[in-house]
Each structure stands twice: as C-alpha cells, then as structure tokens.
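What follows is a single structure, written as structure tokens, with notes after it.
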Amino acid sequence: MEDRVLYRACPLCDSPTFADFFTGDCSQHPLYRPELSPQVRWKQCRACSHVFTEGFFSAAASGSIFSRAHENQKVGHDIEEQRMVASRIVERVLPYASAGAWLDVGFGNGALLFTAQEYGFIPIGTDLRVENANALASLGIQAHCQELGALSLGEKCAVISLADVLEHMPYPKDGLRAAHRLLGESGVLFASMPNTQSMVWRALNESNANPYWGEIEHYHNFGRDRLYELLRESGFEPVRYGISERYRACMEVIALRQ
C-alpha cells in the first residue's frame, strides 16, 4: 500500500524547494500498523523554514490509523482530571468570549466541550473517529464526523478550538480558512501544539528523546514565529501566548478573527 501522498510543494507557502531534514521511527507508536512505513521522513522548506513530513496519509492508510484510538482520545476518558485542565483553557478564553457556540475540532475525550458547556457555551464537536462522534451525540451534544473544511453550521461560532489539531491537517492554512469562515466577527480561535522553539524541544532533541519525530498522526512541526505568520496570513491576529498543559513542549495561542 502506498501510504502517503507526497507533497510537491511546501504545504504552507507553496514553495517547490525543500530539503531532507530528519528521519523518525514510528514503528513503536501505538497506532502503527505493519502495512505502514516505519519511517517518518521530515522535510524543511527553503523559503519559509517550515518543517513537515514528506507527505500525508492516503485515504486507505488514514482508515487504518483511525480504526483505533488512544485511550485518552475516547469520550469521557479521565473526566475529572481533564475537566480541571480544560477549565484553565476556558478561563483563558473568557476575556475574549463568554457565550455562544464553541466548536471543538478533533474533540477526542470531549473534556473541553463538557467544560465549555459548564461555563455557558453551546458545545459543538467534530472528530474524524465515528465512534467518538456517536458517543458525543449520545450525550445530547451536537456532533459531526467531518473534516473542518466540509463542515457547515446553522450559526456562527464564538469560539473554535484546534487543540493539538493543526499539526494533523495536511494543509493547515485550509483549516484556518475554514475556521475563519465559521467564526463570527471578532470570533476567538484557540490553538495548541508542540513548539519547536521551546527549550524543552531542544532538550528533547539533544537527549535523542523527542517523541514528535515519530508521531504517526503529525504532518507538521511549528515554532511560535511560523505559527504567528500563518495565523496572520489566514485572517487572525494572535493576542495571547501560553504554555499548554496537554502535551510535552506544547504552546497555546489565542487569536482573534480579523
């Protein structure tokens, strides 16, 4: 099986000039399947310096990967502890939005939506794992099993969260443009992901212990600077930077729709 569709140009800036950067091993990843290549080949764009995999998974390979999920990606996992983590995210959003529809993309265990609902937001979720969408819907929450770009909602959102999601999208700019379309005026975008410019990332590299080079579901590695550039190119203005509690070496950014 040809497991990846190769990029012919940088997925952020469309430059056709990029070079080999790093080769990781994903064979020990919990979602790895023997029919997939055990190597993750990373490239770097010579024009904008973005680091990305050589390609994104084909429909067949994606189906194989999404047939399973980590325990922490399942609706209701570790609900009490995750409620506390999610509450701190919601409270950081509150100065910019305090009511309205909150769309969580790739909602996983659902903790962020459950908690946003407690604070008075209307929760909406979309996730590519059909079991998750069905589980969330069974709890009375509007749930979709669609890519963000294909999603159509009856109302504009006050908040859209891409919590450790943007790095999973083959073309992140398309995802941000979809978020811009779905947000109301001055709507809030919350995004979190690993930060390649953090000292923790550097330390993990130096000790040959950086798990993200072998992360089977990631197509991109962002630094703060390149993320801010991408947000501005997509119609958002970053207004707050923070450290994410969700995963190692992660950052979180709040940006407003312009």
Side-chain angles (χ1 to χ4, degrees), residues 30-31 57 59-91 93-94 97-170 172 174-184 187-193 216-218 244-247 252 257:
L31 300 183
F57 283 119
S62 292
S64 175
I65 292 168
F66 283 108
S67 66
R68 292 191 295 174
H70 295 295
E71 282 302 312
N72 65 1
Q73 293 174 320
K74 296 179 180 179
V75 172
H77 173 77
D78 194 20
I79 191 168
E80 288 194 64
E81 180 63 29
Q82 292 306 309
R83 176 174 177 255
M84 300 305 297
V85 173
S87 73
R88 291 187 280 273
I89 293 174
V90 175
E91 287 171 6
V93 168
L94 286 177
S98 57
W102 183 312
L103 171 64
D104 191 24
V105 181
F107 57 79
N109 58 38
L112 186 51
L113 283 179
F114 301 151
T115 309
Q117 186 178 40
E118 281 194 63
Y119 279 79
F121 290 94
I122 301 165
I124 305 171
T126 189
D127 195 284
L128 295 182
R129 290 181 167 89
V130 65
E131 294 84 359
N132 271 5
N134 291 339
L136 191 69
S138 74
L139 297 173
I141 294 176
Q142 184 181 157
H144 303 267
C145 187
Q146 288 181 288
E147 299 276 1
L148 181 58
L151 196 61
S152 179
L153 301 174
E155 62 181 312
K156 294 290 187 180
C157 297
V159 181
I160 293 180
S161 48
L162 299 170
D164 304 286
V165 166
L166 206 62
E167 67 273 29
H168 294 244
M169 293 181 171
D174 289 348
L176 289 174
R177 286 171 177 161
H180 194 275
R181 170 177 58 83
L182 292 166
L183 279 168
V188 179
L189 181 79
F190 173 89
S192 61
M193 67 202 68
I216 201 168
E217 293 187 89
H218 289 193
S244 173
E245 299 177 61
R246 289 167 54 88
Y247 297 106
E252 58 183 40
R257 183 187 188 276

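Side-chain atoms are counted along with the backbone in the values below, which use heavy atoms only and exclude waters and symmetry mates.
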Nearest heavy-atom neighbours spanning [X] and [Y]:
X	Y	answer
R246	A163	NH2-O, 3.4 Å
A97	A158	CB-O, 4.3 Å
A99	F121	N-CE2, 3.4 Å
A143	A137	CB-N, 3.9 Å
N132	G108	ND2-O, 3.4 Å
A179	L189	CB-CD1, 4.0 Å

How about [X] and [Y]: do any of their side-chain heavy atoms sit closer than 4.5 Å?
X	Y	answer
E217	I65	yes
Y119	E91	yes
F107	S161	no
V105	L151	no
L113	W102	yes
V90	V159	no

Results of side-chain hydrogen bond (donor to acceptor under 3.5 Å, both in side chains) for Q146 - residues two or more places apart only:
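With sequence neighbours excluded, Q146 shows a side-chain hydrogen bond (donor to acceptor under 3.5 Å, both in side chains) to no residue whatsoever.
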
Please enumerate all residues that pass side-chain hydrogen bond (donor to acceptor under 3.5 Å, both in side chains) together with S192, with sequence neighbours excluded.
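So S192 forms a side-chain hydrogen bond (donor to acceptor under 3.5 Å, both in side chains) with D164.
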
Would you please test D127 and L136 for side chain to side chain contact (heavy atoms under 4.5 Å, CB included) and show each step?
CA-CA 10 Å; D127 195 284; L136 191 69; over 6 Å; no

Nearest 0.5 Å, please: how far is [atom2] in [Y] from [atom1] in [X]?
X	Y	atom1	atom2	result
L162	E167	CG	CD	9.5 Å
M193	L166	CE	CG	4.5 Å
F190	I160	CZ	CD1	13.5 Å
I79	F114	CD1	CZ	5.5 Å
L182	K156	CG	NZ	6.5 Å
T115	I89	OG1	CD1	8.5 Å

Within 6.0 Å of CZ in R83, more than 12 heavy atoms from elsewhere:
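Atom CZ in R83 is not packed in, count stays at 12 or less.
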
Can you list the residues that meet the ring pair (Phe, Tyr, Trp, His ring centres under 6.0 Å) rule with H168, with sequence neighbours excluded?
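H168: ring pair (Phe, Tyr, Trp, His ring centres under 6.0 Å) contacts with H218.
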
Could you go through the side chain to side chain contact (heavy atoms under 4.5 Å, CB included) check for V75 and L139 one step at a time?
CA-CA 10 Å; V75 172; L139 297 173; 4.1 Å; yes

I124 and H144: CA distance, side-chain angles, deciding distance, side chain to side chain contact (heavy atoms under 4.5 Å, CB included) verdict
CA-CA 8 Å; I124 305 171; H144 303 267; 4.0 Å; yes

Donor-acceptor check, side chain of S138 to backbone of A135, threshold 3.5 angstrom: yes or no?
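It does hold such a pair.
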
